[in-house]
Undergrad: 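Have a look at the structure that comes next, please.
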Amino acid sequence: MMPSLPIWQFDLPLLVLVVLFAVVALSIRNLMGAAIVFGAYSFMMCLIWAGMGAVDVAFTEAAVGAGVSTVFIVSTIYNTSATMKRRPGGMAFKLFIGVVVTVAGGFLLSALPDFPDWGDPNSPVNATVAPYYITHSIPDTHVPNLVTSVLADYRGFDTLLETVVVFIACIGIYSILRIEPARTSIDETDEEIAAPASYDPTDSLIVRQASRFMVPFMQLFALYVIAHGHYSPGGGFQGGVILGASLILLAVSFDLKFLLSRWREKSLMLLVATGVGLYAAVGLACLFMGGNFLDYGTLDAVLPGKQDMARSHGILLVEIGVGITVMFSMLAIHINLASNGRLERGL
Amino acid sequence: MENLIANFNYVIVVILMMIGLWSMLAQKNLIKKCIGMAIFQTGIILFFISIGAKRGAKVPILTGDEAPVVEQLANPLTQILMLTAIVVGVATLGMALALAQKIYRQHASFDEDEILENQRK
Amino acid sequence: MLLALLRAVKGPTVIDRLVAINVIGTKSIVLLLFAGILFGQLEMFVDIALGYGLLNYIVSIAASRYYQHRRCLEPEPPAGREAQS
Amino acid sequence: MTEQLPIIVILGPLLAAILSAFAAWFRPKWSHPLVVLGLAVSCAAALKLVFIVAGEGAQNYWLGGWGNQAHDYVVGIQITVDSLNTLLLAAVSGIALLTALYAKRLVDAELAGRQRYFYALFSLLVTGLLGIGITGDIFNLYVFMEIAALSSYVLIACGKGRAYMAAFNYLIMGTMGACLYLLGVGFIFVKTGTLNIDDVSTLLPALGQAQALFVGFVLILLGAWAKMAFFPFHGWLPNAYAHAPTASAAVLAPLATKVAVYAMLRIMVTVYSIDYILDSPGIQSVVLLLSSIAIVVGSFFSLTQTNLKLIACYFVVSEIGYMVGGAWLANGPGLTGAMYHVVADAAMTSALFMAVGCIVYRLGQAQLNDLQGAFFKMPVTMAAFVVTMAALIGVPPTCGFFSKWYLIQGAAQAGVWHFVAALLLSSLVKAIILFRIVEIGYNRVPHPAVEGNPAIPRNEAPLSMLIPTVAMALGLIALGLATSPLVNTIISKALPDGLAP
C-alpha cells in the first residue's frame, strides 16, 4: 500500500539519494570533499523533513546541521590537514565490524513487521499524547505554532536542558582549546598549516562588500524568526543560529581580528551564560510566584493578559534566552575552532 | 515485500545507521569518525520524524480560527524531540572536533593507529 | 542533481566541487518551495528557504576561503583525488 | 515547600554552575564556594527526600504544572523520587559535595591556570547525573545523559597528554551508547506513543511480546552498557579515568557508571518488568555469563597493572559486573544486592579514588613501587585506604560485605554458580593487591620505630583533602551498620511485587 499523495513520491527518491550522499561522504578520501558532501547530505535531510511536514526541524537542520556544523568541520580541517593516509591492512577488522553492523541491522529489521505503516494517523505515536497538544495549544498557551508551544511550555524542561547542552559545548570547547595555548613542536612549522597567504585574502572586494551588505538583513531576518516563532516556523534556536551565522559570516569574509575588535571574548562568554540564566530565571520566577518550575501561567500577575497570554509571553521570554545563548555560543565555538584556540588568525 | 515498501523509511533508517555505526567503529580517521557519528544521529532523527508523519497532513501550525482537526496536522511531539536531538548532535560534533584539533596538535596525524604508535613511544 | 553530485565526487578541481555543491544547494531551495506548493502552505516554507539560502552562502564562502588560504586553487595533488565509488 | 524539593535537587547544582560561569570572569575565587553551596542545597534536599519517601512513599513533580490533570496521559515532563532512586540521589549529591570540597587543592595543583570553568563543568556533571536519577521521562533521561556525558568529556580532557585521545574515544563510545539508547526509546515510543515512565509501564503489559519492544529493550541495554563500561564495551574506561585529572576521576569514577547502572535498573524494573526478563531466558543467561566474565577480566587486569590509578579503574570494571549480574539474577536477594551495591559501590569507589588522589598529591604519581614507606609518610590516608580495600574485599562491618552477601545469596538461589565463583575470585584478587601494597608500603623499608633506623618524615595530605577522605571511609562502615534499616524501609519497597521477602 503505497502512500497516496504526491508528497510521498517526493520523499522516496530523496531517501535513496540521502543514502548515496552518506556513502559518498564517507568514502571520499579528501576530507574537505567529505565535509562538503556531508553539508549537501544535511541539506537533503532538511528537504526530507520539510516533505514530512516537520518544518521547524527542517529549519533547524538547515541552520544548525547543514550550515554551522559544516563550517565547524571546514575550520577544523583548515587548522589540520585534509589528506588521509592510505595504510595497508586492517581489512579483517573492517570486515569484522561490517559483519557486526550487518547483524545489528538485521536485528533492527526484525522489528519491521511490528511497526505501524508509514504515515498512519492512528498509530500509537499519533494517537496517544499528541492529540492533546493539537487541540489544547490555543486555549492553554495562545500559540498557533504547536511546535513552539510544546517546545517551550509543555516540554520546556527539555528545552532548558538543551540550552544547557549548548552552553556546556561552548564552555567545554573553550576549556579544551583556548586555555593553555601551548605551542608544541609541530605547531607552527607544519607545512600543512599554510603560511600567511601571499596576498591578503580580505582583499576580495566583492565578497567583503556583499557580506557587509547582507549582514544587517540576515540579522533582521533572524530577529523576525525569533519574534515570529509563535506564528511561523522558527524560534530561539533557528533565529539564534542565524544571528550567530551572520557574525560568523563577518569573521569569515573579513577576518577574526575584525570581529574580535567589536565583540570581546569576555563579553561573548558572559552573554552565553546570560541566555541560560534568563531561561532559568523565568523558571525560578514561576517557582516564587507559587507555581511549579517553568509554570509560566503563574506569571499572569506581572505579565500582561490572562493565564494563556502569560504563557505566551513566558514562551517569548525563554525563546529570547535561548536565542542569546545559541547565537553567542555558535560564535564562540566558531572562533575557537577556526583559530585553533589562539584567536589570532584563522578561517 | 508489501510490508517492506510500506515501511520503506525504516529500511533507510537502518541503512543509515549501519553506515554511521560502521564508520564510527571501523574508520581510522578521526574526522571520518565524527562524520559517521553525525550520520548515525541523523538516522535516528529520521526514524523519529517518520514515525510522527501523517499521510496527507499539513505542517503543525494552525491558521485561521477554525478548531484544529487532529488528523490533518503532523505530530508536533516527535518534532520537538528531534529539535533537541539535532542541537545535542551539533554540540557533540563541536566537542569532538575540538578534541580532534587538540590531538592533531600533539601527533600531527588523524590516523588512529599512528596516534597509538606515537603514544607507545 | 545527480550530475552535480558526480562532479562533487570526482572533482578534479576544487572549483568543480564548490560549484557542484552550490548547484545542489540552489536546486534544494527550488525543491523546498515546490514542497511548499504541494502542501499548499507556501508562506511557511519561504522562511526556511531564506534561511537555507543564507547558510548555503556562508558554507560556500567558508569553503572558498579555506581553499584561498591554502593557495590550492589549482588541480589537487594526486593524494587528494582518490575518490572511490 | 516540601512539594518543591524534587526540583531543588536539580536546580541547586544547575544554578550554581551558571553563576559560577559568571563568577569565573569577575571573581574567579567565588566559583568554588558557589558550587559547594549549590551542591549543599541539593544534598540537603535529597536527604530530606529520603525521609519523606520512607514515610510517605513516592513523590511526583510535574514541570510547568503539566500533570495528567487534563488528559489520560501525562503531557509534560514528570520527575519522580521513589524508593528506587532516593538513596541514589542522596548518595550522588553527598559524594559530589564531599568531592567538591576535596578537589580544591588538587585542582589548584594540577590544573593551575586552566581551571576557569572546571567547577562550572563539575556542577553541570552532577546536574546531569542527578537528573538521570530523578527524571520520570525516558526522553528527558536522554538529555540528562548527554549533559553528564558532554561535561565529563571536558573534565577528562582537562588532563594533559593522552587524555585527549582517551576523551575522544570515550566521546565516540558515549555518543554511540546515547544514540542506541535514544533509538531504543524510539522503539518503545512507536508502540506506546508516550514517553512518561509510569504511562509506558501501564501500557506495556497489554502489548505482550512484540518484537519491536524486545528490540527496543536490547537497544536500551546496549546503550546503558556502553555508558557504564560493561564487559564488551569496557575498553574506554581505564584510559579515560586514569589519564583524567585526579579531581575529575574522583567524581566521575564513583558516580557516572553507577548512575548508568541505575538507569538500566529503572528500565528493567519499572518500565519493563521482571516478568518480562524471566520470559526471555536466553538473554538472561547470556548477560549473567557476561557479567561473570566482566568480573574476571576486571580482576585479572587489575592484577597486571603497576599503577594505582589503573588498578582502581579496573576495580570499577569488575564492580560493574557485580551490579549487572545482580540485577539480572532477577530474584529478590539479587535485586536487593544490586540496588544496595549501587549506593555502596559509589561510596567505596569514591573513598578509593580520594585516597589514591591524596597519595598522588603527595607522591606525584601512583606507581606501586613509589609507595615504599607510604604507611609511615601518610598514616591517616593509608588507614582510610586499607578500610576502603577491606570494604571492597567484603570484610564484615563494612557495606561491601552486605552487598556481596545479598549477591551471593541471590546467585545461590538462582543456581548461577559461575557468578558466585567470579565474586569470590574478585575478592581474592583484591586481597592479593591489598597485601602487595601493604608489603611495599610497610615492609619494604626499615621500620622507623626500631632503634637505629632512619626516621621517615611525616608528609600527610592537606586537611582539606584528608577530612573528606576519612569521612568517606568512615561512611563505608556507617553504611554497613545501617544496612538493615535501609534495606527494610526503602530498598525492599522498590522490589517488584512478589519478589519482596
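Sequence lines set the chain letters: A, B, ... in the order given, protein chains first and strands last, and positions in each chain run from 1. Hydrogens, waters and symmetry mates play no part in the numbers below; they use all other heavy atoms, side chains included.
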Undergrad: Mind checking the CG-OH spacing from A:Asn79 to B:Tyr104? Nearest 0.5 Å is all I need.
TA: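 That separation rounds to 10.0 Å.
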
Undergrad: Heavy-atom distance under 4.5 Å to chain A: side chain of B:Met18, backbone, both or neither?
TA: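 Looking at B:Met18, backbone and side chain both touch chain A.
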
Undergrad: Going by side-chain contact (heavy atoms from CB on, under 4.5 Å), A:Val19 matches just one of B:Val11, B:Ile15, B:Ile39. Which one?
TA: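 Checked B:Val11, B:Ile15, B:Ile39 against A:Val19; only one passes side-chain contact (heavy atoms from CB on, under 4.5 Å): B:Ile15.
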
Undergrad: With rounding to the nearest 0.5 angstrom, report the CG to CG distance, A:Leu146 to B:Leu77.
TA: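 Going from CG on A:Leu146 over to CG on B:Leu77, the span is 11.5 Å.
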
Undergrad: State, with a plain yes or no, whether a side-chain heavy atom of B:Val13 is found less than 4.5 Å away from one of A:Leu108.
TA: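 B:Val13 does not reach A:Leu108 side chain to side chain.
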
Undergrad: Under 4.5 Å heavy-atom distance to chain A, tell me which part of B:Thr84 shows up: side chain, backbone, both or neither.
TA: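 It is both, since atoms from each part get that close.
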
Undergrad: For chain A, which candidate among B:Ile45, B:Ile49, B:Ile51, B:Ile31 shows the most heavy-atom pairs at distances under 4.5 Å?
TA: B:Ile49

Undergrad: With the side chain counted from C-beta on, respond yes when A:Met45 and B:Ile86 share a heavy-atom pair under 4.5 Å apart, and no when they do not.
TA: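 They are not in side-chain contact.
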
Undergrad: To the nearest 0.5 Å, what is the distance between CD1 (A:Ile333) and CE (B:Met95)?
TA: 7.5 Å

Undergrad: Is B:Thr78 close to chain A through its backbone or its side chain, or both, or neither, when contacts mean heavy atoms under 4.5 Å?
TA: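 The side chain, not the backbone.
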
Undergrad: State, yes or no, whether a side-chain contact exists between A:Val101 and B:Met24 at a heavy-atom distance under 4.5 Å.
TA: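 SC-SC contact between A:Val101 and B:Met24 ruled out.
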
Undergrad: Output yes when a side-chain donor or acceptor of B:Gln101 lies under 3.5 Å from a complementary backbone atom of A:Leu337, and no otherwise.
TA: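 Such a contact is found between B:Gln101 side chain and A:Leu337 backbone.
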
Undergrad: Closest heavy-atom contact between A:Leu26 and B:Gly36?
TA: CD2-N, 4.1 Å

Undergrad: Please find the pair of heavy atoms, one from A:Gly53 and one from B:Ala74, that lie closest to each other, and give the distance.
TA: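 Residues A:Gly53 and B:Ala74, closest heavy atoms: O-CB, 4.3 Å.
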
Undergrad: Atom OG in A:Ser27, atom CD1 in B:Ile19: separation rounded to 0.5 Å?
TA: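 If I round to the nearest 0.5 Å, the distance is 9.5 Å.
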
Undergrad: Looking only at heavy atoms, which two atoms of B:Ala38 and A:Phe38 are closest? And how far apart?
TA: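 Residues B:Ala38 and A:Phe38, closest heavy atoms: CB-CZ, 3.4 Å.
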
Undergrad: If I compare all heavy atoms of B:Leu16 with all of A:Ala22, which pair ends up nearest, and what's the gap?
TA: CD2-CB, 4.0 Å

Undergrad: Pick one of side chain, backbone, both or neither for B:Leu97, based on which atoms fall under 4.5 Å of a heavy atom in chain A.
TA: both

Undergrad: Check for a donor-acceptor pair, side chain of A:Asp56 on one end and backbone N or O of B:Gln79 on the other, with a separation under 3.5 Å.
TA: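 Checked: no pair found.
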
Undergrad: Can you tell which of A:Val241, A:Val165, A:Leu151, A:Val18 has the highest number of heavy-atom pairs within less than 4.5 Å of chain B?
TA: A:Leu151

Undergrad: Is chain A contacted by the side chain of B:Leu83, its backbone, both, or neither, given a heavy-atom distance below 4.5 Å?
TA: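 Both parts, backbone and side chain.
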
Undergrad: Does any heavy atom of chain A fall under 4.5 Å from the side chain of B:Phe48, the backbone, both, or neither of them?
TA: neither

Undergrad: Do A:Leu31 and B:Phe110 have side chains that approach each other closer than 4.5 Å (heavy atoms only, starting at C-beta)?
TA: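 With C-beta onward as the side chain, the pair touches.
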
Undergrad: What part of B:Leu81 is in contact with chain A, defined as an atom under 4.5 angstrom from a non-hydrogen atom: side chain, backbone, both or neither?
TA: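 It is the side chain, since no backbone atom gets that close.
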
Undergrad: So which heavy atom on B:Lys28 is nearest to which on A:Phe93, and how close?
TA: NZ-CE2, 3.9 Å

Undergrad: Nearest 0.5 Å, what's the CG-CG distance between B:Leu73 and A:Asn126?
TA: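 Result: 11.0 Å between the selected atoms.
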
Undergrad: Just how far is it from atom OG1 of B:Thr42 to atom CH2 of A:Trp49, taken to the nearest 0.5 Å?
TA: 6.0 Å

